[in-house]
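Only one structure is covered here, and it is reproduced in the block below.
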Amino acid sequence: MDLRFTPEELAFRDEVRTFFHENLPESIRTKLVEGKKLAKDDIVTWQRILNKKGWAVANWPVEWGGTGWTPVQQYIFQEELQLTPAPQPLGFGVTMVGPVMIAFGSETQKKHFLPRIANLEDWWCQGFSEPGSGSDLASLRTAAKRDGDHYIVNGQKTWTTLAQHADWIFCLVRTDPQAKKQEGISFLLIDMKTPGITVRPIITIEGGHEVNEVFFDDVNVPVENLVGQENKGWDYAKYLLGRERTGIARVGLSKERIRRIKELAALERDGERPLIEDERFREKLAAVEVELKALEMTQLRVVAAERHRTDNRPDPASSILKIKGSEIQQATTELLMEVVGPYALPYQPEREDDDRWNEPPIGPEWAGPIAPTYFNWRKTTIYGGTNEIQKNIVAKAILGL
Ligand SMILES: Cc1cc2nc3c(=O)[nH]c(=O)nc-3n(C[C@H](O)[C@H](O)[C@H](O)COP(=O)(O)OP(=O)(O)OC[C@H]3O[C@@H](n4cnc5c(N)ncnc54)[C@H](O)[C@@H]3O)c2cc1C
């Protein structure tokens, strides 16, 4: 298996790289380099720039605005986004509900929603998990009862990422409580402005507001917002979750973090020699870089194998990418904590967005986001299917246990 890029692929990489460098607003790039949070506007602005170029929904079929790129080109595009670094197009629309609509939605749904997803006119969020139904997702209880040409939805979703910005939510709901649990679930599109929906923030360990609880109280949803067939939602969710795992290795993002670690570790610290001169630190950094190289090779093997796949099902090896990729992402945040040293202690969440934190930072300006990032990135081994669940998949689908 040849894991090297062809001359055409290298030329494509240069084209993508040049476009990103010439068109990404510097203020957005700086926020990402420094580990600061992006505002909704930053994400919308960049996705619209990509959409104008025809690259916002690169993974979709050409008839719906996709690029027709090969899996290798898709991979290069993702890697360059992460290396720049630039924001990803909003995944809830572009890699989740969009592909589900394309595969299973009605013509009306496709014509209305797909162009709006591409241009980020509608911000989507994902309403799958519920209290008690995360890994065991099929046990979900949010109910949708048919009443004429509407469903009446009652229940609760949780961990709903960025629901505070959302115009729409795609939900798994129980439409047949008598059926076997996987067979009584439907996939419903719900307008977040519908009366009866309440969004409550969950403040995470670093003090940020990224996830929410969403409550549904007699929410009326028109029947035409059902995707595909009633009680077939589990099949559509499996299709979606398989796509969520690919790209989760985020090799480019970890490479960019390592670049940043080296840059910051080379700085003098209060008259002490730079940390990069410490042999023990360099050993730890090298160990993470070796792991990352191995992950990159695995990622390239999966991408190369995708050239020959015809079944449109995710490669179970994507679970390995999720496990290793998330562990390495966490390891880079641990190295950054070593770099920042004692300045990690007075951590000041959301200092830049919030008047209460307008005092000058303690320590250098760059130190501020490092501890919040470290805490926030504990999530990577949980979302998108926990690492324990991915290990179960590897055991069954790859090792045959
Ligand atoms: C930051 C963040 C953002 C998220 N965003 C969204 C979102 O936008 N939309 C959405 O729908 N969901 C979202 N989630 C939810 C996420 O998908 C769930 O948290 C995840 O699936 C785990 O479910 P749970 O939290 O209920 O934990 P549980 O399933 O209760 O798991 C608890 C622990 O038990 C372990 N465990 C459970 N079952 C097994 C098993 N069979 N074998 C071995 N170990 C097991 C788990 O690995 C975990 O360590 C998000 C989560 C986080 C942390």
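In listed order, ligands and their atoms are each counted from 1. Nothing here was measured: the structure is a model prediction, and the numbers come from that model.
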Exercise: do E183 and N231 side chains pair donor with acceptor under 3.5 Å = no

key: S139 side chain to S133 side chain, donor-acceptor N/O pair below 3.5 angstrom   = yes

key: Ring center gap for F20 and W46 short of 6.0 angstrom   = yes

message = Tell me whether E388 has any N or O atom under 3.5 angstrom from an N or O of ligand 1.
response = yes

note = Short version for Q126: what comes under 4.0 Å of ligand 1, heavy atoms counted, is both

query = What protein heavy atom sits nearest atom 21 (O) of ligand 1, and how far off is it?
reply = G134 C, 3.7 Å

query = Could you walk me through whether Y239 and F104 pass the ring-ring contact (aromatic ring centres under 6.0 Å, His included) check?
reply = CA-CA 10 Å; Y239 178 83; F104 310 106; 5.2 Å; yes

key: Centroid-centroid under 6.0 Å between W234 and F187 rings   = no

query = Any N or O on F128 sitting closer than 3.5 Å to an N or O of ligand 1?
reply = yes

ask   = Out of S129, S133, C171, P131, whose heavy atom sits nearest atom 17 (O) of ligand 1?
value = S129

inquiry  = Just checking K52: does its NZ atom have more than 12 heavy atoms from other residues, nucleotides or ligands closer to it than 6.0 angstrom?
reply    = no

query = At what distance, to the nearest 0.5 angstrom, does CD1 of I76 lie from CZ of R17?
reply = 10.0 Å

ask   = How far is atom 20 (C) of ligand 1 from its nearest protein heavy atom, and which residue and atom name does that atom have?
value = I382 O, 3.8 Å

message = Please verify the inter-ring angle class for W168 with F113; under 30° counts as parallel, over 60° as perpendicular, anything in between as tilted.
response = perpendicular

request  = Output yes when the distance from some N or O of ligand 1 to some N or O of N392 is under 3.5 Å, and no in every other case.
outcome  = yes

remark   = If you scan protein heavy atoms around atom 3 (C) of ligand 1, the nearest is T161 OG1, 3.3 Å

request  = Output yes when a protein non-hydrogen atom is found under 4.0 Å of atom 14 (N) of ligand 1, and no otherwise.
outcome  = yes

query = Within 4.0 Å of atom 50 (C) of ligand 1 (strictly less), any protein heavy atom?
reply = yes

query = Does the protein put a heavy atom under 4.0 Å from atom 34 (O) of ligand 1?
reply = no

Taking atom 39 (C) of ligand 1 as the reference point, the nearest protein heavy atom with its distance = I389 CD1, 3.6 Å

remark   = Counting heavy atoms under 4.0 Å, the part of V211 that contacts ligand 1 is side chain

task = Measure the distance from atom 36 (N) of ligand 1 to every protein heavy atom, then report the residue, atom name and distance (to 0.1 Å) of the closest one.
result = S135 OG, 4.4 Å

query = Any idea which protein heavy atom is nearest atom 46 (C) of ligand 1, and the distance to it?
reply = T386 OG1, 3.7 Å

key: Pair N119, E121: side-chain N/O donor-acceptor within cut-off below 3.5 Å   = yes

ask   = Have T175 and S186 got a donor and an acceptor in their side chains that come within less than 3.5 Å?
value = yes

task = Examine Y383 together with W159 and report whether their ring centres are nearer than 6.0 Å.
result = no

message = For atom 25 (O) of ligand 1, what's the nearest protein heavy-atom neighbour? Residue, atom name and distance, please.
response = W159 NE1, 3.8 Å

request  = If you have a sec, work out which protein heavy atom is nearest atom 52 (C) of ligand 1 and how many Å separate them, to one decimal?
outcome  = Y383 CB, 3.9 Å

key: Element-labelled atoms of ligand 1 that are located less than 4.0 Å from some non-hydrogen atom of K379   = 1 (C)

